[in-house]
Amino acid sequence: MTIHDLKTAAATMIDGKLAPVRDDLMVRAQRVAVVAALHAEAVDRDGRFPQEAIDAARAEGLMGVMAPAAFGGEDAGVSQIVDVCYILGGACASTAMIYAMHQVKVACVIRHGIGADWHESFLRQLTDEQLLVASSTTEGQGGGNIRASEAPIERDASRISLERQASVISYGEQADAVVTTARRSAEADASDQVLVVFMKADYSLERTLNWDTLGMRGTCSAGFTLRANGRGAQILPEPYGVIHTQSMVPSAHLMWAGVWAGIAAGAVERARKYMRKTARGADGQLPPAAAYFTRAYSSLRALRALIAASLDRYEAAAYSPAGLSSIDFQTAINLLKVDASELAVSTVLSTLRACGLSGYRNDSDVSIGRHLRDVLSSPIMINNDRILASIGASALMSETPRSIRD
């Protein structure tokens, strides 16, 4: 049997077409991470979009892997995507966060759009063309309160239009589509929202705010006036409140946590490299700062365990709308965001202490500067204070666990 015969036998027929045989998802993610790492310093220094890494992700077919096989995807689950985010996070935080934000929106369309002709067609195009999808959920004075929209959908027969003052659209100018929240109509309450997909040809962006930040510089998260026109069919069928609870929050907090853990892991690896090099030059004697490396290693283990447990909890509830909407689950998944971000920051800070001046320098091969600047975005990305305040009442309603595994 020839190589061609083997590949043909292993391939899958999708809509009458022979699907390409691909390597394991994690192997492909590692290849993208190599490209991302090569350009990470330039992406950070110049505050530019990580074009090379995203091109590599497209070439590896990573953009549409969550889509069902019937739509050209690979049926990848959230746990697999979190692992990809972790791998990319260790190489280039901006690349990893862009990938995570893209997949959050794809997850929403998959869960809430399948069964609607327009969104099924969009998923096929996404996988065929390896589209990059941006998100627009923050707006005007509301900032991080994504459960309220100012701009309404305007309707004219089967057509819709939207103009919103988006305080942030990450990689908006580079994306092929944008998924945005909006008020259902001019008469609707701010919390009566919809989620709508607009293709690049459907909208224009007028920049209103630049992106010159401490870290995550390559996400290019500028502010824009978004003006869009499309068809009513582009609105996802379910209310945004349902999408927010069942898909947006769980996917975002799990995938972002994967990114932050990846950043922390990258910093720990640099600290490990420093410790080994220092010990070799001192006849195996570890430096006094070795305790900080141990602390970083321990907190990274705790962070990974937290994310793994949260993934198990999500997967147990994934097919139960009631389970996903429960106070207990929503409290836990929101606290994941808070706890993961704080743990990631403390891990990277410990690696800086472990590496000392070598980690503090920007021109060192064990520099922790970029990792620290990037990870410091995590507590303020949907601010932890906002989350803690919003779940205070539900936390009070939850009973104190009676055992370790409750």
Rounded to the nearest 0.5 Å, the OG atom of S135 sits from the NZ atom of K105 at a distance of 3.0 Å
The residue among I235, V197, I114 that forms side chain to side chain contact (heavy atoms under 4.5 Å, CB included) with H119 is V197
Worksheet item: Taking it one step at a time, do Y171 and M101 satisfy side chain to side chain contact (heavy atoms under 4.5 Å, CB included)?
Response: CA-CA 10 Å; Y171 55 97; M101 290 189 284; 3.7 Å; yes
Working note: L226 + T180, criterion side chain to side chain contact (heavy atoms under 4.5 Å, CB included); need CA distance, chi angles, decisive distance, verdict. CA-CA 10 Å; L226 168 68; T180 180; 4.3 Å; yes
On a heavy-atom basis, the closest approach of L336 and S310 is CD1-OG, 3.5 Å
CZ (R217) and CG (D46) are apart, to the nearest 0.5 Å, by 8.0 Å
Q103 vs V65, test: side chain to side chain contact (heavy atoms under 4.5 Å, CB included). Steps then yes/no. CA-CA 9 Å; Q103 293 294 0; V65 291; 4.2 Å; yes
Exercise. Within a strict 4.5 Å, meaning less than it, do heavy atoms of the C108 and V179 side chains meet?
Worked result: no
Using modelled atom types only, decide if a donor and an acceptor are shared between the side chain of T208 and the backbone of G223 within a distance under 3.5 Å. yes
Can you find a heavy atom in the side chain of M216 that is under 4.5 Å from one in the side chain of S221?
-> no
request  = Indicate yes or no: does D44 engage R370 in a salt bridge with an N to O separation below 4.0 Å.
outcome  = no
N/O donor-acceptor pair under 3.5 Å between S364 side chain and Y360 backbone: no
Are the side chains of M199 and F122 in contact, using a 4.5 Å heavy-atom criterion?
yes
- [ ] Taking only Lys NZ, Arg NE, NH1 and NH2, and the carboxylate oxygens of Asp or Glu, determine whether E74 and R28 approach each other closer than 4.0 Å.
- [x] yes
Practice item. State, yes or no, whether a side-chain contact exists between I387 and L335 at a heavy-atom distance under 4.5 Å. Key: no
Would you check if there is a donor-acceptor pair between the side chains of S136 and R164 at a distance under 3.5 Å? yes
Do other residues, nucleotides or ligands put more than 12 heavy atoms under 6.0 Å from the CD atom of Q285? no
d(S390 OG, N145 CG) to nearest 0.5 Å is 9.5 Å
- Message: Is any side-chain heavy atom of E173 closer than 4.5 Å to one of F224?
- Response: yes
TODO: Look at the side chain of H102 and the backbone N and O of M63, then say whether any donor-acceptor pair between them is shorter than 3.5 Å.
DONE: yes
Separation between CE (M248) and NE2 (H112), nearest 0.5 Å, reads 9.0 Å
_Backbone N/O of S191 and side chain of D189: donor-acceptor pair under 3.5 Å_ = no
- Does the T245 side chain pair with the main chain of V242, one donor and one acceptor, at a distance under 3.5 Å? no
Could you tabulate the donor-acceptor pairs under 3.5 Å formed by side-chain atoms of residues 78-98, not counting sequence neighbours?
residue	atom	partner	partner atom	Å
S79	OG	E315	OE2	2.2
Q80	OE1	G77	N	2.8
S94	OG	G218	N	3.0

Smallest heavy-atom separation, K200 atom then Q174 atom, equals NZ-C, 4.4 Å
Q) Is the shortest distance from a Lys or Arg side-chain nitrogen in R227 or E206 to a carboxylate oxygen in the other one below 4.0 Å? A) yes
Quiz item: Under 3.5 Å, is there a donor-acceptor pair between the side chain of R184 and the main chain of D192?
Solution: no
Tightest non-hydrogen contact, residues A151 and L162, listed as CB-CD1, 3.8 Å
The reported gap from CZ in R159 to CZ in R231 (rounded to nearest 0.5 angstrom) is 8.0 Å
request  = Can you establish whether the number of heavy atoms outside D117 located under 6.0 Å from its atom CG is more than 12?
outcome  = no
Check this for me, if you would: do K273 and D365 make a salt bridge, where the nitrogen-to-carboxylate-oxygen distance has to be below 4.0 angstrom? yes
Worksheet item: Is the number of heavy atoms from other residues, nucleotides or ligands within 6.0 Å of CZ (R48) greater than 12?
Response: yes
For residues 323-337, the side-chain hydrogen bond (donor to acceptor under 3.5 Å, both in side chains) pairs (sequence neighbours left out) are R313-D328, T331-S394, K337-N384
When you look at T347 and S299, which way does the side chain to side chain donor-acceptor pair (under 3.5 Å) test go after all the steps?
-> CA-CA 6 Å; T347 303; S299 59; 2.7 Å; yes
Is there side-chain contact between Q165 and E150, with heavy atoms separated by less than 4.5 Å? no
Thinking salt bridges, do R31 and E60 make one under a 4.0 Å N-O criterion? yes
Checklist line | Short side-chain to backbone donor-acceptor contact, Q234 and V196, under 3.5 Å | finding: no
Taken to the nearest 0.5 Å, the spacing of I110 CD1 from S247 OG works out to 9.5 Å
Note: F198 and Y203 closest approach over all heavy atoms is O-CE2, 3.5 Å
Assess the residue pair T138 and I146 against the criterion (side chain to side chain contact (heavy atoms under 4.5 Å, CB included)); give the C-alpha distance rounded to whole Å, side-chain angles, the decisive distance to 0.1 Å, and a yes or no. CA-CA 6 Å; T138 57; I146 62 176; 4.2 Å; yes
If you count the non-hydrogen atoms of other residues, nucleotides and ligands that lie under 6.0 Å from CZ in R207, is the total more than 12?
yes
Review point. Would you call L376 and V345 a side-chain contact if the rule is heavy atoms closer than 4.5 Å?
Key: yes
- Query: Just wondering, more than 12 heavy atoms not from D283 lying within 6.0 Å of its CG?
  - Reply: no
Looking only at heavy atoms, the pair that brings Q130 and D176 closest together is O-OD2, 4.4 Å
- Could you please spell out the steps behind the side chain to side chain donor-acceptor pair (under 3.5 Å) verdict for R147 and Q193? CA-CA 8 Å; R147 279 299 285 117; Q193 298 166 284; 2.3 Å; yes
message = Using a 6.0 Å cut-off, check whether atom CZ of R58 has over 12 heavy atoms from anything other than its own residue.
response = yes
Practice prompt. For the residue pair N229 and D202, establish whether any side-chain heavy-atom pair is separated by less than 4.5 Å.
Written response: no
Quiz item: What is the ring orientation for W256 with W260, classed by angle as parallel under 30°, tilted 30 to 60°, or perpendicular over 60°?
Solution: tilted
Closest non-hydrogen contact found for T351 with A267 is OG1-CB, 3.5 Å
